[in-house]
There are 2 protein chains.
Amino acid sequence: MGAIETRERTVAAAYQLFEERGYDGTSVDDIAERAGIGRSTFFRMFGSKEDVIFPEHDSLLASIEARLAGAVTTETRYVAVAEAARLVLLHYLAEGEVARARYRLTRSVPALRAREIAGMQQYQRLFRTWIHRWYEGAPEAALRAELMAAAVVTGHNHVLRGWLRGLTEDPMADFDRAMVEVMRLFAGGPDEEAGTTVIVLRTPRQVESVLPQVRAALIAEE
Amino acid sequence: MGAIETRERTVAAAYQLFEERGYDGTSVDDIAERAGIGRSTFFRMFGSKEDVIFPEHDSLLASIEARLAGAVTTETRYVAVAEAARLVLLHYLAEGEVARARYRLTRSVPALRAREIAGMQQYQRLFRTWIHRWYEGAPEAALRAELMAAAVVTGHNHVLRGWLRGLTEDPMADFDRAMVEVMRLFAGGPDEEAGTTVIVLRTPRQVESVLPQVRAALIAEE
DNA sequence: GCACGATGTGATACTCAGTACCGTACACAT
DNA sequence: ATGTGTACGGTACTGAGTATCACATCGTGC
């Protein structure tokens with residue numbers, strides 16, 4: 001009886017019990033008993049009761065890192081980000097009903113929800129780090145990297161949530177559309193802002209007093 | 001001895017002890033003892049050991065909701081989002097060293113980090129809900145609302161983190177710049193005509209009261 | 001064949017967060 | 001003065017997570 005089978009059997013037992021009695025209504029003793037292992041072994045394998053719900057998080061992070069590290073040329077980088085996010089989506093799709101069970105749990109137990117969000121933030125952090133590396137030296141590089149990473153993760157989550165709720169038949173097509181929307185946000189760099197006017201006002205005076213200047217400036221631009 | 005003073009004294013005692021012995025090295029008994037209250041009272045007031053670190057979260061959420069609900073006209077909505085995010089920043093700035101202590105804690109204790117991120121997600125959710133309401137009916141409205149909410153929160157967090165780390169002297173100016181960057185992403189979307197004007201304002205009081213006039217003046221010029 | 005260390009396992013005991021409950025002290029009303 | 005509600009502290013309990021110990025298993029070397 002290999003260690004991997006035992007691990008999978010324990011995860012299965014945990015999900016079963018969570019469905020039957022709820023997360024808080026299930027003790028680690030219950031899980032260990034149904035899985036046919038000792039309580040000590042459970043904590044040795046998973047570290048905590050929460051971790052049994054997110055068992056493949058680390059390996060998924062490693063996959064993403066590998067995908068991003070493989071994007072060496074400028075042309076392929078945007079694609080690499082989208083593809084790395086797609087890896088996450090594919091992982092969930094492959095899990096099927098397990099992913100939906102986890103979703104139900106994270107919706108109902110605040111601590112689990114926080115844990116899942118924190119996990120997503122790790123993906124985002126990975127994206128941010130790599131994008132920032134690519135943008136190095138550009139103005140507002142750090143902020144733009146964060147914004148892009150957040151947008152990609154948000155787009156991914158949007159599609160994933162739709163699938164988890166059973167609202168879509170073709171999540172991959174949704175994902176493609178979402179990534180188009182995301183990339184469109186960043187398509188034009190800071191230098192291609194024709195037709196856009198940005199005004200930053202910082203003044204202790206009443207805004208009315210500067211309105212004439214605002215008008216004048218806008219008219220002069222047009 | 002009022003309830004509010006007791007609450008504040010307990011929070012102060014908790015932060016002191018966390019600094020001295022670390023979060024895990026401090027028990028609720030320790031906090032209660034230093035604050036001069038019973039253990040039961042602690043849990044009655046805060047609900048959990050984590051909650052003593054995020055004591056004003058709910059009231060801040062309410063402020064944001066109020067600010068967003070106040071943006072009734074289309075013209076002031078973008079500004080309302082930025083101003084609501086600014087409320088969060090101002091809250092942290094007003095906390096001063098307490099906010100930095102909390103930051104140190106959340107960096108070092110994974111459970112607290114998850115909790116904080118989940119809190120930020122609640123802000124983001126509020127933004128998303130309101131923006132979605134405004135966009136109702138537009139193509140990809142749900143996704144675009146999520147993206148904009150994520151961008152605003154990300155921009156805010158970027159500035160906040162910089163201040164928490166002591167990397168900036170003028171976080172408000174940073175925030176203005178960040179919001180310009182954020183709003184630029186969404187200016188000139190597929191639904192809007194070519195000429196888009198984004199204004200970021202910082203005035204001492206009642207920005208919301210004068211902004212409609214600014215916007216009206218700008219529209220009148222076009 | 002047997003001694004040997006390494007590793008995985010289960011049982012026990014412990015700390016501490018969080019909950020439930022109970023008695024009490026102090027307010028404020030009639 | 002007496003009821004009533006409320007906030008408080010104390011006690012006991014459940015359950016997560018940690019530390020420790022004893023034992024079983026499994027090569028590996030002799």
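Note on naming: letters A, B, ... go to the chains in the order of the sequence lines (proteins, then strands), and numbering restarts at 1 for each one. What you see is a predicted model; the values in this text were computed from it and never measured.
In this structure, the NZ atom of A:K49 is 18 Å from the P atom of C:dA17, given to the nearest Å. Atom pair A:D51:CG and D:dA16:C1' shows a separation of 12 Å (rounding to whole Å applied). When the P atom of D:dG17 is taken as reference, atom CD of A:E50 falls 7 Å away, rounded to whole Å. Distance OH (B:Y23) to C1' (C:dC16): 11 Å, rounded to an integer number of Å. Between the CG atom of B:D29 and the P atom of C:dC14 there is a distance of 18 Å, rounded to whole Å. Between B:D24 atom CG and D:dT18 atom C1' there is a gap of 12 Å when expressed in whole angstrom units. Distance CD (A:E33) to C1' (C:dT9): 17 Å, rounded to an integer number of Å. Rounded to whole Å, the distance from CZ on B:F43 to P on D:dG10 is 14 Å.
In this structure, B:R144 and B:M148 have side chains that are not in contact, with every pair of non-hydrogen atoms separated by 4.5 Å or more. Inter-residue side-chain proximity for A:I31 and A:R39 is flagged as unmet; no heavy-atom pair is nearer than 4.5 Å.
The closest side-chain donor-acceptor pair between A:Q122 and A:H57 falls under 3.5 angstrom.
Among the nucleotides C:dG18, C:dG10, D:dG10, the one closest to any side-chain atom of A:S40 is C:dG10. Distances from the side chain of A:V28 to the nucleotides D:dA16, D:dT20, D:dG9 place D:dA16 closest. Picking from C:dA20, C:dG18, C:dC16 the nucleotide with the shortest atom distance to the side chain of B:S27 gives C:dC16. Out of D:dT18, C:dG10, D:dA12, the shortest distance to the side chain of A:R39 is found at D:dT18. Set against C:dG10, C:dA17, D:dG10, the side chain of B:R44 has D:dG10 as its closest nucleotide.
Between A:W163 and A:Y92, the shortest heavy-atom distance links the atoms CH2-O, 3.6 Å.
A donor-acceptor contact shorter than 3.5 Å links the side chain of B:Y15 to the backbone of B:I53.
When the side-chain nitrogen and oxygen atoms of A:T41 are compared with OP1 and OP2 of C:dG10, one or more of them lie within a distance under 4.0 Å.
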